[in-house]
Amino acid sequence: MVTMKTDNASDVQCLHGIPVLGQDFANVSMLRLDRSGGPAPGNKAFKLQAVLAEAAAEGVGRVLSFGGAWSNHLHALAACGAQLGMETVGFVRGGEQDTAMLADARRWGMRVVALTRSDYRRRQQPAFQQSLVATHGPGLLVPEGGATVAGVRGCRAIAQRINSAGGHWDRVVVAVGTGTTLAGLAVGLDTNTRLVGISALKNAHDLEQRVGASLASAGLHAQVPWQILHDHHCGGFARVDRRLRNFILAVEAARDLQLEPVYTGKALLAVHDRLASSDWRGDERILVIHTGGLQGRRGYPWLAED
Ligand SMILES: *Cc1c(COP(=O)(O)O)cnc(C)c1O
């Protein structure tokens with residue numbers, strides 16, 4: 001099994017401190033998933049553990065998936081696969097292939113296969129998938145980003161951590177890529193709270209429908225009201241504007257905390273901005289989930305390396 005730290009209470013950190021761009025975050029706490037998850041800290045290990053456990057139970061020894069050259073998903077798949085003694089194959093979108101992320105993945109034994117951009121666009125076509133499995137398999141083909149029903153089930157464990165840590169949260173805030181993590185939280189949270197997803201993508205207005213469809217296809221039901229906010233993308237997926245950059249550097253200078261610009265920096269900046277605009281009241285109890293991804297900092301030279 002993928003090992004995970006289980007001492008929940010120490011994973012929740014209050015963010016109260018000297019103000020960052022005018023906010024002292026007195027009412028905000030953070031679930032530090034970046035500190036747990038074994039070889040793949042953050043939400044990706046939760047998504048993958050159920051997928052890989054099901055594969056292992058069926059005697060499947062090889063898992064294949066898709067991602068970009070900076071994909072946290074492929075990085076985690078390589079790490080978790082190595083730990084479980086499974087073979088992994090990563091189909092990477094054309095372009096740069098010698099990133100720090102893929103170097104880690106190769107070191108952990110992932111076979112990295114470059115696809116041209118036009119082939120990569122066919123990644124959801126069954127006939128193309130069959131040809132990839134015929135050439136590089138046999139094995140289980142996992143969709144890009146680990147967006148599967150098993151992934152939703154795996155992310156329920158994040159909600160269980162929040163439930164068992166106790167405390168009341170008016171809002172639970174999480175960054176959204178595919179929405180798989182948000183879906184697992186919606187199903188697993190047992191408290192009287194609202195779940196807010198911060199989309200890391202620009203204009204991904206089909207996300208709500210995709211989350212709803214994945215819950216329905218799994219016969220799962222949201223236990224809390226949830227919504228996705230689409231106006232905190234800072235220019236688009238993996239894009240960074242000056243405000244986001246300044247915010248991340250200011251947070252890191254003032255708190256015992258690292259962020260990355262793709263997901264967690266945008267999620268916390270969204271909390272900052274909603275509090276600053278009084279959209280969210282300053283006496284609400286807010287829990288932001290730090291979903292990890294810190295290995296991706298190496299793609300941003302302006303972030304101090306350590
Ligand atoms: C992948 C990822 C997310 C988004 O998770 P989804 O389940 O795809 O919505 C959020 N934060 C980090 C750090 C990630 O790597």
Side-chain angles (χ1 to χ4, degrees), residues 30-37 39-51 65-80 90 99 101 104-105 142-159 172-188 195-202 204 206-215 218 220 226-230 232-234 237-238 240 244 248 257-271 288-300 303:
M30 188 169 251
L31 178 70
R32 296 292 303 270
L33 294 185
D34 59 311
R35 291 179 176 164
S36 65
N43 64 334
K44 292 298 186 288
F46 288 89
K47 283 207 255 188
L48 282 168
Q49 66 164 353
V51 177
S65 195
F66 302 92
W70 286 96
S71 163
N72 289 335
H73 165 65
L74 288 185
H75 193 262
L77 177 62
C80 295
T99 60
M101 301 285 268
D104 289 343
V142 175
E144 184 180 47
T148 63
V149 168
V152 174
R153 292 211 179 87
C155 289
R156 282 194 301 202
I158 302 174
V172 174
V173 179
V174 68
V176 169
T178 63
T180 310
T181 306
L182 175 102
L185 286 164
V187 168
L195 176 61
V196 182
I198 308 299
S199 177
L201 300 94
K202 187 176 179 175
D206 59 341
L207 272 171
E208 286 86 350
Q209 186 267 326
R210 277 164 42 200
V211 169
S214 82
L215 291 179
L220 296 169
W226 59 272
Q227 67 178 142
I228 298 174
L229 301 178
H230 293 274
H232 297 282
H233 55 74
C234 302
F237 186 69
V240 185
L244 176 63
I248 289 174
L257 174 68
Q258 285 191 323
L259 300 169
E260 46 68 55
V262 184
Y263 295 104
T264 53
K266 289 178 187 179
L268 191 58
L269 179 56
V271 172
V288 190
I289 301 179
H290 193 313
T291 41
L294 296 178
Q295 63 278 351
R297 290 165 58 90
R298 293 173 293 178
Y300 296 89
L303 284 167

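Note that ligands are numbered from 1 as they come in the structure, with each ligand's atoms numbered from 1 the same way. Just so you know, these numbers use all the heavy atoms, side chains as well, and skip hydrogens, waters and symmetry mates.
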Would you confirm whether Ser65, through its side chain, and Val142, through its main-chain N or O, come within 3.5 Å as a donor-acceptor pair?
-> yes

Under 4.0 Å from any heavy atom of Lys47, which atoms of ligand 1 are there?
-> 5 (O), 6 (P), 7 (O), 8 (O)

Tell me, do Lys47 and Cys155 make a side-chain contact under 4.5 Å, heavy atoms counted?
-> yes

How far apart are the closest heavy atoms of Pro41 and Asp34, and which atoms are they?
-> CB-O, 3.3 Å

With heavy atoms under 4.0 Å as the rule, classify the contact between Thr180 and ligand 1 as side chain, backbone, both or neither.
-> both

Residue-ligand contact His73/ligand 1, heavy atom below 4.0 Å = no

Judging by distance only, is a nitrogen or oxygen of Glu260 under 3.5 angstrom from one on ligand 1?
-> no

Interatomic distance, Leu268 atom CG to Ile248 atom CD1 [nearest 0.5 angstrom] = 9.0 Å

Do side-chain atoms of His290 reach the backbone of Gln258 as a donor and acceptor pair under 3.5 angstrom?
-> yes

If you count the atoms of ligand 1 from 1 in the order shown, which ones are under 4.0 Å from a heavy atom of Gly293?
-> 13 (C)

Starting from atom 13 (C) of ligand 1, locate the nearest protein heavy atom and write down its residue, its atom name and how far away it is, to 0.1 Å.
-> Gly292 O, 3.3 Å

Can you tell if the side chain of Ile158 reaches within under 4.5 Å of the side chain of Leu31, non-hydrogen atoms only?
-> yes

Output yes when the distance from some N or O of ligand 1 to some N or O of Gly177 is under 3.5 Å, and no in every other case.
-> yes

Short question: side chain of Lys266, backbone of His233 - any donor-acceptor pair under 3.5 Å?
-> yes

Give the residue and atom name of whichever protein heavy atom lies nearest to atom 7 (O) of ligand 1, and the separation in Å to one decimal.
-> Thr181 OG1, 2.7 Å

Is it true that a side-chain atom of Thr180 and a backbone atom of Gly151 form a donor plus acceptor pair closer than 3.5 Å?
-> no

Identity and separation of the nearest protein heavy atom to atom 3 (C) of ligand 1 = Asn43 ND2, 3.4 Å

Could you tell me whether the side chain of Lys44 and the main chain of Gly292 form a donor-acceptor pair under 3.5 Å?
-> no

Closest non-hydrogen protein atom to atom 11 (N) of ligand 1, residue and atom name please, with distance?
-> Thr291 OG1, 2.6 Å

What do you reckon, does Val176 have a nitrogen or oxygen under 3.5 Å from a nitrogen or oxygen of ligand 1?
-> no

Ranked by distance from atom 15 (O) of ligand 1, the top protein heavy atom is Lys44 NZ, 2.6 Å

Output yes when the distance from some N or O of ligand 1 to some N or O of Thr264 is under 3.5 Å, and no in every other case.
-> no

Report yes or no: does Glu260 contribute a side-chain atom to a donor-acceptor pair with the main-chain N or O of Tyr263 at less than 3.5 Å?
-> yes

Looking only at protein heavy atoms, identify the closest one to atom 12 (C) of ligand 1 and say how far it is in Å.
-> Tyr263 CD1, 3.2 Å

Identify which of Ile198, Thr178, Leu207 has a heavy atom lying nearest to atom 8 (O) of ligand 1.
-> Thr178

